[in-house]
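To start, the structure under review is shown below, and the notes come after it.
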Amino acid sequence: MSGRLVLVRHGQSRGNVARRLDTLPPGAELTDLGREQARTFARGLPRRPGLVAHSIATRAVQTAMEIHQEIHRVSSPEARVGARELEDIHEVQVGELENRTDDEAHDEFNAIYRSWHFGELDLAMPGGESGRDVIDRYVPVLDTLRAEYLDRDTWREDIVVVSHGAAIRLVGALLAGLDHRFAVDHHLANTEAVVLVPDGARRWSCVQWGALTPPFGPEPAVVTDPARSADPMG
């Protein structure tokens with residue numbers, strides 16, 4: 001069985017609690033609940049990963065640290081797990097919307113982000129990134145991880161990558177060829193993951209999206225107002 005790429009969203013951050021568009025690294029720290037979410041995630045892993053990697057954002061670093069420590073707490077001393085910080089897998093950069101908490105900013109973010117999933121990748125956040133910018137910086141990092149680890153005949157372990165909800169959903173859907181309506185409507189809660197498995201040359205299959213497993217249909221998630229989310233980055 002080939003190793004899997006587990007793209008997990010960080011634990012709850014202080015920015016999440018404040019409904020703040022917190023995208024510029026280093027960003028906010030985890031809450032106590034966020035740290036516990038990370039430890040719970042680690043305890044629920046079906047097998048010990050071979051590597052825990054993370055973005056440069058503080059909330060991702062802290063989530064990875066909690067996961068790493070929890071894995072080592074329950075593993076034998078010789079079963080060490082590598083750790084690695086990765087550039088370019090931070091959250092979508094929202095530019096002029098940074099640190100805003102108002103519904104208007106959330107709506108603008110959601111409208112642009114939704115447009116990316118429907119093919120308008122060159123549309124940019126005001127003063128921030130386009131969907132193409134995110135893909136162009138993020139995907140090569142995953143390609144490198146695949147070449148260095150998952151494509152090796154001797155590698156059988158998972159790689160856990162602590163990253164960010166909006167970026168994970170955009171890249172995960174693209175790499176696995178998922179229906180754009182599914183990807184945009186199914187948010188990731190804190191410490192939920194998109195799990196990808198190498199499938200042929202440079203292709204991936206998605207075997208888990210949050211709490212869901214294939215097939216991934218286009219049915220929208222149940223939300224009070226589809227145009228808004230209390231946590232748009234998820």
Side-chain angles (χ1 to χ4, degrees), residues 4-18 20-31 33-35 37-39 41-42 45 49-71 81-95 97-99 109 113 116 125 128-150 158-175 183 187-196 204 209-210 231-234:
R4 308 177 308 164
L5 187 65
V6 182
L7 301 174
V8 57
R9 188 186 179 204
H10 57 82
Q12 184 194 70
S13 73
R14 299 186 187 280
N16 295 150
V17 173
R20 189 169 76 248
L21 292 170
D22 172 26
T23 69
L24 186 65
E29 296 189 349
L30 293 183
T31 63
L33 174 59
R35 291 181 179 276
Q37 288 171 332
R39 293 190 290 269
F41 172 83
L45 287 169
L51 177 69
V52 177
H54 56 82
S55 83
I56 61 175
T58 298
R59 57 196 180 277
V61 174
Q62 293 176 338
T63 301
M65 178 184 67
E66 296 290 351
I67 293 171
H68 201 258
Q69 290 177 347
E70 184 66 20
I71 290 171
V81 175
R84 183 171 175 181
E85 182 169 276
L86 300 172
E87 300 281 346
D88 296 327
I89 60 166
H90 49 275
E91 185 57 286
V92 172
Q93 298 297 283
V94 299
L97 302 180
E98 185 72 16
N99 284 324
F109 170 85
Y113 183 74
W116 294 351
M125 299 288 168
E129 289 185 302
S130 69
R132 197 170 305 281
D133 291 333
V134 178
I135 290 167
D136 286 348
R137 65 168 164 82
Y138 201 119
V139 171
V141 178
L142 302 188
D143 288 342
T144 298
L145 284 177
R146 178 170 178 167
E148 290 183 1
Y149 299 99
L150 298 177
D158 290 346
I159 298 174
V160 171
V161 178
V162 183
S163 185
H164 306 267
I168 290 173
R169 284 192 291 139
L170 180 67
V171 171
L174 172 72
L175 293 179
H187 286 220
L188 296 173
N190 293 113
T191 64
E192 284 194 329
V194 170
V195 181
L196 303 175
W204 300 85
W209 185 287
D231 185 6
M233 308 312 294

* Locate the shortest heavy-atom distance separating P25 from H90; write the atom from each residue and the value. => CG-CB, 4.0 Å
* Structure fact -> Interatomic distance, CD@Q69 vs CZ@R35, rounded to 0.5 Å, equals 8.5 Å
* Asked: Under 4.5 Å between any side-chain heavy atoms of L145 and L51, yes or no?
  -> yes
* Would a 4.5 Å heavy-atom cut-off, applied to side chains only, mark L7 and S163 as touching? -> no
* Sub-3.5 Å donor-acceptor pair from the side chain of E192 to the main-chain atoms of W209, do we have one? -> no
* **Flag, side chain of T63 to backbone of G11, donor-acceptor distance under 3.5 Å** => yes
* To do: Evaluate the criterion side chain to side chain contact (heavy atoms under 4.5 Å, CB included) for residue pair H187 and R169; output intermediate values, then yes/no.
  => CA-CA 8 Å; H187 286 220; R169 284 192 291 139; 3.6 Å; yes
* **A60 versus H54, closest heavy-atom pair with distance** => O-CB, 3.7 Å
* Start with the C-alpha gap between E148 and R84, add the side-chain angles, then the distance that decides, and say whether salt bridge (Lys or Arg N to Asp or Glu O under 4.0 Å) holds. => CA-CA 13 Å; E148 290 183 1; R84 183 171 175 181; 2.8 Å; yes
* Of all the heavy-atom pairs spanning G172 and L196, show the shortest one and how long it is. => O-CD2, 4.4 Å
* Pairwise distance CG(L188) to NE2(H10) - rounded to 0.5 angstrom -> 10.0 Å
* Asked: So which pairs with a foot in residues 6-15 pass salt bridge (charged side-chain N to carboxylate O under 4.0 Å, His left out), sequence neighbours left out?
  -> R9-D231
* Indicate yes or no: does E70 engage R39 in a salt bridge with an N to O separation below 4.0 Å. => no
* Side chain to side chain, L170 and I135, heavy atoms closer than 4.5 Å -> yes
* Tell me, do M233 and D22 make a side-chain contact under 4.5 Å, heavy atoms counted? -> no
* **Note, V61 side chain near E85 side chain (heavy atom, < 4.5 Å)** => yes
* Asked: If we only count heavy atoms from C-beta on, is the T144 to L86 side-chain gap below 4.5 Å?
  -> no
* State, to 0.1 Å, how close H68 and V81 come at their nearest heavy-atom pair, and which atoms those are. => NE2-O, 2.6 Å
* Indicate yes or no: at least one non-hydrogen side-chain atom of E87 is less than 4.5 angstrom from one of V141. => no
* **Considering all heavy atoms, the nearest L142-W204 contact** => O-CZ2, 4.3 Å
* Rounded to the nearest 0.5 Å, how far apart are CZ of R20 and OG of S13? -> 7.0 Å
* Asked: Could you give the distance from CG (L24) to CG (N99), rounded to the nearest 0.5 Å?
  -> 8.0 Å
* Can you tell me how far the CG atom of N16 sits from the CG atom of L30, to the nearest 0.5 Å? -> 9.0 Å
* Asked: Where do V92 and H164 land on the side chain to side chain contact (heavy atoms under 4.5 Å, CB included) test, with the steps shown first?
  -> CA-CA 8 Å; V92 172; H164 306 267; over 6 Å; no
* Asked: Taking the side chain as C-beta and beyond, is there a heavy-atom pair between F41 and V6 under 4.5 Å?
  -> yes
* Asked: Closest approach of E129 and W116, non-hydrogen atoms and distance?
  -> O-CZ2, 3.4 Å
* Asked: Backbone N or O of A167 within a donor-acceptor pair of the Y138 side chain at under 3.5 Å?
  -> no
* Polar side-chain atom of R137 near backbone of D88 as donor-acceptor pair, under 3.5 Å -> yes
* Atom pair CG (N190) and CD (Q12), whose distance is rounded to the nearest 0.5 Å -> 6.0 Å
